[in-house]
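The structure appears right after this line, and notes come after that.
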Amino acid sequence: MRTLKIKDLTLGELEELEQDLHENGEKSDYGYYMQLVTIYETMYKKLKSLARINGPEYDHSLQYTKKLLVTHLIKFGTYLKMNHFKDDGTAVESLIKAIGLEQKLPIAYYRLGFLAYKHGKYGSAVRYFQQALDKRLQGDPSYGLNQQQEFHAHMYLANSALYVASQTYETMEKLPHTPQEQLPNIELSPIFESLSSNEKYLHKHAFYKMTKNKTETCSKEDCEDLYENSDINELVLYFNDRENILLFNGEEAIITPTQANMIRHFLLSSSKENPCTRITMRDFYGRTGSDGEVKKKTFIKSIERLRGALRSIEIPEIIDVTQYRGETAYYFNESVPFTVLFRVDDAFGKDYVN
């Protein structure tokens, strides 16, 4: 492709570049997700301009592209700097940009609240968790909270408010020229007891631990212990706070978020009776064509790359191929036991938990 800046490409050329990225770009160490977001931003601006001039003719494409952009900002924004490693600062910027495009995003506010809480910014955390729970901001169900996340949002909101209250009381006691007897008799111990109790709960239930027949919550320490002491011939997929790791018989591989999300989808949502096709897995790809469908070549190529990642640590062939409703389809053949570990606030992961 000729060397033009992305903003100078036509819509057709942008779609070609998007398809090429889905087929080849993820192999690089950095820039893949940032390029995808830049492509969708450029498409959105061009379609917005066309819709303004030509009216409703472009409305569907405009809204579809906007949803792609928002989804990638939420689900992949944390990886914009490096394809394989998470970055909290980039995640915050990306989530705020998503909210600038679409206000009704409870999961984005939840993620912002979690990140603010993690870094001790409790005033911001209060605001974000309140917005995550605001019923007026309920819109597309795919951006909503599952039951566990909603409960955690209430817990984090309570704790954030308690931290703000305790910090305020401590500041009041240090104010100059204020006689101590003028201050109300504040008893802080109940606040600290509530904080401690809530923190213990949130810590103990920070991650989902999912196997074929069971879903439960656990602490990060439990995840690390399971990861370090996994059973022979057990596949472990671990979405930790820094990277996504596959483990099998002591061998591990750091994989891209797209590969990790696809493997999780195969393990938790596919079977011989309900295999995955390019249509059911379209959320992992984006537009990749003027009709909005994933091209067969792109889909098959990505599955082969995924199989390559599995073979790199000598995992047996766990993804079988079949035909389903006239489409090439794939499914997890249940040849090995597995455990999937990921944070409760995971934007993709909530799709696998009621």
Side-chain angles (χ1 to χ4, degrees), residues 75 78-79 82-88 91 111 114-115 117-118 146-149 151-152 155-156 196-271 305-320 331-354:
K75 295 184 174 180
T78 189
Y79 299 97
M82 293 288 288
N83 288 354
H84 293 74
F85 300 102
K86 299 175 183 178
D87 180 86
D88 286 353
R111 290 279 301 135
F114 172 79
L115 292 168
Y117 188 91
K118 177 181 176 183
N146 64 26
Q147 192 173 20
Q148 186 75 36
Q149 288 171 334
F151 182 73
H152 274 221
M155 292 284 288
Y156 277 121
S196 177
S197 176
N198 290 354
E199 285 283 11
K200 286 177 181 177
Y201 174 88
L202 290 167
H203 183 81
K204 188 176 180 181
H205 300 277
F207 280 79
Y208 285 121
K209 173 185 172 185
M210 302 186 72
T211 61
K212 179 184 176 183
N213 299 314
K214 189 174 183 181
T215 298
E216 56 188 324
T217 52
C218 64
S219 69
K220 184 176 180 178
E221 288 75 15
D222 291 334
C223 291
E224 297 289 345
D225 182 65
L226 188 150
Y227 182 79
E228 294 294 333
N229 300 284
S230 60
D231 294 336
I232 297 296
N233 294 327
E234 177 187 18
L235 172 61
V236 178
L237 174 60
Y238 183 19
F239 294 76
N240 70 22
D241 291 331
R242 175 66 174 154
E243 60 212 3
N244 307 312
I245 310 177
L246 269 180
L247 176 73
F248 189 75
N249 287 341
E251 297 292 324
E252 65 177 34
I254 298 173
I255 54 177
T256 66
T258 300
Q259 289 176 332
N261 287 319
M262 288 177 69
I263 293 171
R264 173 167 55 186
H265 191 75
F266 276 118
L267 294 175
L268 301 179
S269 292
S270 74
S271 64
R305 282 204 306 271
L306 187 64
R307 284 172 157 170
L310 294 167
R311 293 187 193 111
S312 71
I313 56 172
E314 299 183 5
I315 297 174
E317 293 295 335
I318 63 171
I319 300 175
D320 285 353
Y331 63 94
F332 171 53
N333 60 23
E334 302 186 10
S335 56
V336 298
F338 68 86
T339 300
V340 183
L341 305 164
F342 56 95
R343 274 203 173 273
V344 167
D345 68 295
D346 187 306
F348 255 125
K350 76 181 192 67
D351 299 334
Y352 305 102
V353 184
N354 296 327

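Predicted, not measured: the structure shown is a model, and the values here were computed from it. Values below: every heavy atom of this structure, side chains too, minus hydrogens, waters and symmetry copies.
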Tell me yes or no: between the side chains of [X] and [Y], is some donor less than 3.5 Å from an acceptor?
X: Tyr208; Y: Glu216; answer: no
X: Glu221; Y: His203; answer: yes
X: Asp222; Y: Ser219; answer: yes
X: Tyr352; Y: Asn146; answer: no

Mind running side chain to side chain contact (heavy atoms under 4.5 Å, CB included) on Ile263 and Phe332 for me, showing each step along the way? CA-CA 9 Å; Ile263 293 171; Phe332 171 53; over 6 Å; no
Of the non-hydrogen atoms in [X] and [Y], which two are nearest, and what is the gap between them?
X: Glu317; Y: Asn333; answer: O-ND2, 2.8 Å
X: Val344; Y: His205; answer: CG2-O, 3.4 Å
X: Ile255; Y: Ala309; answer: CG2-CB, 4.3 Å
X: Leu237; Y: Ala260; answer: CD2-O, 3.5 Å
X: Pro316; Y: Val336; answer: CG-CG1, 4.1 Å
X: His152; Y: Leu202; answer: ND1-CD2, 4.0 Å

Is the NZ atom of Lys118 crowded by more than 12 outside heavy atoms at less than 6.0 Å?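 More than 12 heavy atoms, drawn from other residues, nucleotides or ligands, come within 6.0 Å of this atom.
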Would you compute the distance between atom [atom1] of [X] and atom [atom2] of [Y] and round it to the nearest 0.5 angstrom?
X: Leu310; Y: Leu246; atom1: CG; atom2: CG; answer: 6.0 Å
X: Tyr331; Y: Ser271; atom1: OH; atom2: OG; answer: 9.0 Å
X: Met210; Y: Thr215; atom1: CE; atom2: OG1; answer: 3.0 Å
X: Met155; Y: Asn198; atom1: CE; atom2: CG; answer: 4.0 Å
X: Lys75; Y: Arg111; atom1: NZ; atom2: CZ; answer: 12.5 Å
X: Leu235; Y: Leu267; atom1: CG; atom2: CG; answer: 6.0 Å

Carefully, step by step, assess Arg343 and Asp241 under the rule side chain to side chain contact (heavy atoms under 4.5 Å, CB included). CA-CA 8 Å; Arg343 274 203 173 273; Asp241 291 331; 2.7 Å; yes
Sequence neighbours left out, what passes ring pair (Phe, Tyr, Trp, His ring centres under 6.0 Å) with Phe85? Give chain and number order.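 So Phe85 forms no ring pair (Phe, Tyr, Trp, His ring centres under 6.0 Å) with any residue.
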Just checking Phe248 against Phe338, ring centres under 6.0 Å apart?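 Distance test on ring centres: not under 6.0 Å, no.
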Just wondering, do Met82 and Asp87 contact through their side chains at under 4.5 Å, heavy atoms?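 No - every pair of side-chain heavy atoms lies 4.5 Å or more apart.
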Taking only Lys NZ, Arg NE, NH1 and NH2, and the carboxylate oxygens of Asp or Glu, determine whether Glu334 and Lys212 approach each other closer than 4.0 Å.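 Between Lys212 and Glu334 there is a salt bridge, with a charged N closer than 4.0 Å to a carboxylate O.
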Using 4.0 Å as the upper bound for N to carboxylate O, is an ion pair formed by Asp346 and Arg264?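 Here Arg264 pairs with Asp346 in a salt bridge, since their nearest N and O are under 4.0 Å apart.
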Could you pull out all residues at least two apart from Glu251 that satisfy side chain to side chain donor-acceptor pair (under 3.5 Å)?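 Glu251 satisfies side chain to side chain donor-acceptor pair (under 3.5 Å) with no residue once adjacent residues are dropped.
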With sequence neighbours left out, write down each residue that passes side chain to side chain donor-acceptor pair (under 3.5 Å) with Asn240, or none if nothing qualifies.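 Checked Asn240 against side chain to side chain donor-acceptor pair (under 3.5 Å); zero matches.
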Is there a side chain to side chain contact (heavy atoms under 4.5 Å, CB included) between Ser230 and Thr339 once you walk through the steps? CA-CA 9 Å; Ser230 60; Thr339 300; over 6 Å; no
Would you please test Asn244 and Thr256 for side chain to side chain contact (heavy atoms under 4.5 Å, CB included) and show each step? CA-CA 7 Å; Asn244 307 312; Thr256 66; over 6 Å; no
Among all residues two or more places apart in sequence or in another chain, which pass the salt bridge (Lys or Arg N to Asp or Glu O under 4.0 Å) test with [X]?
X: Glu234; answer: none
X: Arg242; answer: none
X: Glu228; answer: none

Between Thr78 (side chain only) and Lys86 (backbone N and O only), is there a donor and an acceptor less than 3.5 Å apart?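 No; judged by distance alone, with no hydrogens or angles, the pair does not exist.
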Please confirm whether the backbone N or O of Asn233 pairs with a side-chain atom of Asn249, one donor and one acceptor, at under 3.5 Å?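 It does hold such a pair.
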Candidate pair Tyr238 and Phe342, rule ring-ring contact (aromatic ring centres under 6.0 Å, His included), full reasoning: CA-CA 6 Å; Tyr238 183 19; Phe342 56 95; over 10 Å; no
